[in-house]
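Note sheet for the following structure.
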Amino acid sequence: MSSILRLVCVKCAAAYPEQRGGGATCPRCGPADGILDVQFDLERARRSLARECLGRRAASVWRYRELLPLSEGFDPAGSGLGDIGWTPLLEAPRLAAALGIARLRLKDESRNPSASFKDRASAIGVARAIQEGAGAVACASTGNAASSLAHCAAAAGLACNIFVPQRIPEGKLAQLLAYGARVFRVRGSYADAYELCARACERFGWYNRNCAVNPYLVEGKKTGGLELAEQCADDPPDWVAVSVGDGCTIAGIGKGLAEMRAVGVVSWSCRLLGVQAANVAPIARAFEIGRLESGAGEAPGGGAGTYADSINCPVPRNWRKAVRAVRDSGGAFVTVTDEQIMEAVRGTGRLAGVFAEPAAAAAVAGVVEARRRGILDGRSSVVAVITGSGLKDIRGAVAAVGGAHEIDAALEAVAAVVGSEGNQAGV
Ligand SMILES: *Cc1c(COP(=O)(O)O)cnc(C)c1O
Ligand SMILES: [Zn+2]
């Protein structure tokens, strides 16, 4: 298997050899705490991962194969999984000015095939499933993890089983069904769907894509950091802002940035800004106090904690990886309200031309909050990761951006609106 050295428990640091399957955790620490981290032979990777060589490789996640958990001869692109990653980094000068920072770039992950960052993890999940000879994959998800898995499975010709809770945005459900996944809408909580999925995987031999326990998927998310480092090689940001739910995304991005430094492709490091929703912020809290508070993430009154569904994760499994990545980078956590997130949906659309789903716009809201708190200043250069497309959750978008003008089919009706609003769209 590629250059994997070992799997290391994030709690007790016990080391294990490379394993088949996706659900393995440290037996000493148990499934809730004993999440494993994949460690690569970076000395070996360093020999072939020079910047000049990288420039000649495919514009996708597969360009980093020395740092991916796949066996040497395996060709993922040949399995239909070619087109994932290498998303653009967009300059957003007007949004930067509105936020009061020197420079803002948006890493637009909505350009992935199923329109979210999760495609990076699912690509690795499906590649590993194929490698291990599994005919079917499964996951429990409120949305993007599921739609990305359904996309990758369809592209590669695997069967796909998805467990969703009752509340799931329609756009995401439609995507699942369009990609031909079998969808189980579980009467119960997300935790119920998650447990049921794990048990079904065991019973039916499906490959489990649940990011929380499958250590290989973080390696897929890591490509976001590897790529960002390469794209900013000569022009590093001070900060990278990432919205945080379970914690895998920011942990993966942090790991990717660190590995690119370790293999010598870049010589700089930057700080991570983790952003959580104010009502569901167990990892921001764990960052402060050094441990996960039991019940910390439960929404008051037991209701839905934030309308940014993709980061509505009251019981995160990967908080240790996330806290460590942010701490190692010298970074910070902030929390943002739903009102701030809506404001960021509007700003990101109007001032940068990027339609972000609420959980993605949260990263931009976090930049606003960090500027307000003095974590950033007028000289700061920031990359915000736009983790998913606004088309995923139309209701969430409409709640933020307001409605159309209902008018009669008459020029005078247009004139009345222009008269009251002015002739220029306000920027
Ligand atoms: C999953 C997701 C996140 C957060 O990723 P975690 O790994 O859960 O922290 C952020 N934004 C979007 C759009 C997502 O789908
Ligand atoms: Zn352990």
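Since we're looking at a predicted model, the values are computed, not measured.
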Inset, instruction - Would you check, one step at a time, whether the test salt bridge (charged side-chain N to carboxylate O under 4.0 Å, His left out) holds for Glu343 with Arg350? - result: CA-CA 11 Å; Glu343 181 69 40; Arg350 291 172 194 194; over 6 Å; no

Do you know the tightest heavy-atom contact between [X] and [Y]?
X      : Y      : answer
Leu5   : Phe40  : CD1-O, 3.6 Å
Leu272 : Trp239 : O-CZ3, 3.5 Å
Leu90  : Arg111 : CD1-NH2, 3.9 Å
Val137 : Ala153 : CG2-CB, 4.0 Å

Under the 3.5 angstrom rule, does the side chain of [X] hit a backbone N or O of [Y] as a donor-acceptor pair?
X      : Y      : result
Gln131 : Ser71  : yes
Ser122 : Leu149 : yes
Arg65  : Leu70  : no
Glu132 : Ala129 : no
Thr223 : Gly220 : yes

Inset, instruction - Could you point out which residue of Asn312, Asn279, Asp338 forms a side chain to side chain donor-acceptor pair (under 3.5 Å) with Thr306? - result: Asp338

Inset, instruction - Please determine which of Ser141, Ser114, Ser116, Ser310 meets the side chain to side chain donor-acceptor pair (under 3.5 Å) test together with Lys172. - result: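 Output: one option passes, namely Ser310.
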
Could you tell me the separation between the [atom1] atom of [X] and the [atom2] atom of [Y], rounded to the nearest 0.5 Å?
X      : Y      : atom1 : atom2 : result
Trp268 : Arg261 : CH2   : CZ    : 10.0 Å
Leu67  : Arg46  : CG    : CZ    : 12.0 Å
Asn208 : Asn161 : CG    : CG    : 11.0 Å

Inset, instruction - Go through the steps for Thr335 and Gln276 under the test side-chain hydrogen bond (donor to acceptor under 3.5 Å, both in side chains), then give the verdict. - result: CA-CA 5 Å; Thr335 62; Gln276 290 216 280; over 6 Å; no

Taking salt bridge (charged side-chain N to carboxylate O under 4.0 Å, His left out) as the definition, give me every residue that meets it alongside [X], ordered by chain and number, with sequence neighbours left out.
X      : value
Arg56  : none
Arg372 : Glu369
Arg120 : Glu109, Glu227
Lys222 : Glu219, Glu259

Legend entry - Short side-chain donor-acceptor distance under 3.5 Å, Glu357 and Asn144: yes

Legend entry - Donor + acceptor pair across side chains of Lys392, Ser147 (<3.5 Å): yes

Legend entry - Residues Glu230 and Arg51 bridged, charged N to O under 4.0 Å: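 Answer for the salt bridge query: no.
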
Inset, instruction - Would you please name every residue forming a side chain to side chain contact (heavy atoms under 4.5 Å, CB included) with Ala150, sequence neighbours left out? - result: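 Partners of Ala150 under the side chain to side chain contact (heavy atoms under 4.5 Å, CB included) test: Cys160, Leu176, Tyr179, Ala181.
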
Inset, instruction - Just jot down the side chain to side chain contact (heavy atoms under 4.5 Å, CB included) partners of Glu170, sequence neighbours excluded, or say none. - result: Arg395

Inset, instruction - Assess whether side-chain hydrogen bond (donor to acceptor under 3.5 Å, both in side chains) is satisfied between Tyr207 and Asn214, documenting all intermediate values. - result: CA-CA 10 Å; Tyr207 186 88; Asn214 186 326; 3.1 Å; yes

Legend entry - The single option from Arg291, Arg317, Arg320 passing salt bridge (charged side-chain N to carboxylate O under 4.0 Å, His left out) against Asp33: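 Of all the options given, the one that passes is Arg320.
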
Inset, instruction - Verify salt bridge (charged side-chain N to carboxylate O under 4.0 Å, His left out) between Asp235 and Arg105, making sure each step is shown before the conclusion. - result: CA-CA 11 Å; Asp235 194 8; Arg105 283 172 282 180; 3.7 Å; yes

Inset, instruction - May I ask you to establish whether Arg63 and Trp86 are in a cation-pi arrangement, using a distance under 6.0 Å from NZ or CZ to the six-membered ring centre and at most 45° from the ring axis? - result: yes

Inset, instruction - Could you tell me how the ring of Phe163 sits relative to the ring of Phe184: parallel (under 30°), tilted (30 to 60°) or perpendicular (over 60°)? - result: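 Parallel.
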
Legend entry - Sole residue of Leu99, Asp238, Leu273, Leu104 in side chain to side chain contact (heavy atoms under 4.5 Å, CB included) with Val382: Leu104

